[in-house]
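Numbering of residues begins at 1 and proceeds along the displayed sequence.
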Amino acid sequence: MRRVVAFLIDLVVLSIPIVLAWVFILLFGVVTLGLGWALFWLISPATVIWPVVYYGMSLGGPHSATVGMRMMDLQMRTFSGTPGYFVLGAAHAVLFWASVSLLTPLVLVVGLLNGRRQLLHDLVLGTVVVNNSVVRAAYAQPPGRAY
């Protein structure tokens, strides 16, 4: 559930610059008596490029998490536990959107059928989304004590 809420937060974060660009072009077109509306063609490529850059930079950044994932205390790691990098984050976004678009949202059921709750694109890329609070609690325990 936390991953779904994080995704919804990220959708809002992704849509804000696109909506602002749309409003700017609309107003620019009014000021230039319609000439500025020729820039509306930029919106379509921006809706593809912006999310790939956003996911690449945020999942490949120092937090290994998008804004929504940070708010939900989640983090993406590889199977070996190392943080992500830009290309992995960008590929993560592209494979997620491709799998959901081509295989319908029912592909998300894959996350319910495996022990690590990984989605299809996580399995392909070798990534796992971890709960930061659980990881921090494991490292906060004194060494040598079993609970």
Once you round to the nearest 0.5 Å, how far does [atom1] of [X] lie from [atom2] of [Y]?
X: Thr78; Y: Asp122; atom1: OG1; atom2: CG; value: 12.0 Å
X: Leu11; Y: Ile16; atom1: CG; atom2: CD1; value: 11.0 Å
X: Leu102; Y: Leu95; atom1: CG; atom2: CG; value: 10.5 Å
X: Leu125; Y: Leu119; atom1: CG; atom2: CG; value: 11.5 Å
X: Tyr54; Y: Leu14; atom1: OH; atom2: CG; value: 6.0 Å

* To do: Using salt bridge (charged side-chain N to carboxylate O under 4.0 Å, His left out) as the criterion, list what pairs up with Asp10, not counting sequence neighbours.
  =>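 By the salt bridge (charged side-chain N to carboxylate O under 4.0 Å, His left out) rule, Asp10 matches no residue at all.
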* Asked: Of the options Met69, Gln75, Arg2, which is the one that meets Val129 in a side chain to side chain contact (heavy atoms under 4.5 Å, CB included)?
  ->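 Among Met69, Gln75, Arg2, the one meeting side chain to side chain contact (heavy atoms under 4.5 Å, CB included) with Val129 is Met69.
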* With sequence neighbours left out, write down each residue that passes ring-ring contact (aromatic ring centres under 6.0 Å, His included) with Phe96, or none if nothing qualifies. => Phe7, His121
* To do: Just do the side-chain contact (heavy atoms from CB on, under 4.5 Å) check on Thr127 and Leu59 with the steps written out, would you?
  => CA-CA 11 Å; Thr127 60; Leu59 292 176; over 6 Å; no
* Asked: Can you list every pair that meets salt bridge (Lys or Arg N to Asp or Glu O under 4.0 Å) and has a residue in residues 87-98, with sequence neighbours left out?
  -> none
* Any pair with a residue in residues 42-53 that passes salt bridge (Lys or Arg N to Asp or Glu O under 4.0 Å), sequence neighbours left out, goes on the list, sorted by first then second residue, please. =>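 Listed by first then second residue: nothing to list.
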* Asked: Under the side-chain contact (heavy atoms from CB on, under 4.5 Å) criterion, do Val52 and Val94 qualify, and how do the steps go?
  -> CA-CA 7 Å; Val52 171; Val94 169; 3.9 Å; yes
* To do: Begin with the C-alpha distance, continue with both residues' side-chain angles, and end with the deciding distance and a verdict on side-chain contact (heavy atoms from CB on, under 4.5 Å) for Thr66 and Val13.
  => CA-CA 10 Å; Thr66 63; Val13 170; over 6 Å; no
Can you name the nearest heavy-atom pair linking [X] to [Y], along with the distance?
X: Met76; Y: Leu88; answer: CE-CD2, 3.9 Å
X: Val53; Y: Phe86; answer: O-CE1, 4.0 Å
X: Val110; Y: Leu123; answer: CG1-CD1, 4.1 Å
X: Gly36; Y: Ile25; answer: O-CG2, 3.6 Å
X: Ala46; Y: Pro51; answer: O-CD, 3.8 Å

* Asked: Would Val124 and Val87 show up in the same hydrophobic cluster when neighbours are defined by side-chain heavy atoms closer than 4.5 Å?
  ->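 Yes, same cluster.
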* Spell out, yes or no, whether Val48 and Leu39 are grouped together once hydrophobic residues are joined by side-chain heavy atoms under 4.5 Å, including indirect joins. =>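 No; Leu39 is not reachable from Val48 via cluster members.
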* Val12/Leu8 under side-chain contact (heavy atoms from CB on, under 4.5 Å): CA gap, chis, key distance, verdict -> CA-CA 7 Å; Val12 171; Leu8 293 174; over 6 Å; no
* Any pair with a residue in residues 13-35 that passes ring pair (Phe, Tyr, Trp, His ring centres under 6.0 Å), sequence neighbours left out, goes on the list, sorted by first then second residue, please. =>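 Checked against ring pair (Phe, Tyr, Trp, His ring centres under 6.0 Å) - neighbours excluded - the pairs reaching residues 13-35 are Trp22-Phe40, Phe24-Phe28.
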* **Heavy-atom donor-acceptor pair, Ser101 side chain to Trp97 backbone, under 3.5 Å** =>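 Yes; judged by distance alone, with no hydrogens or angles, the pair exists.
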* Provide the full list of side chain to side chain donor-acceptor pair (under 3.5 Å) pairs with a residue in residues 33-46, sequence neighbours left out, each pair given once. => none
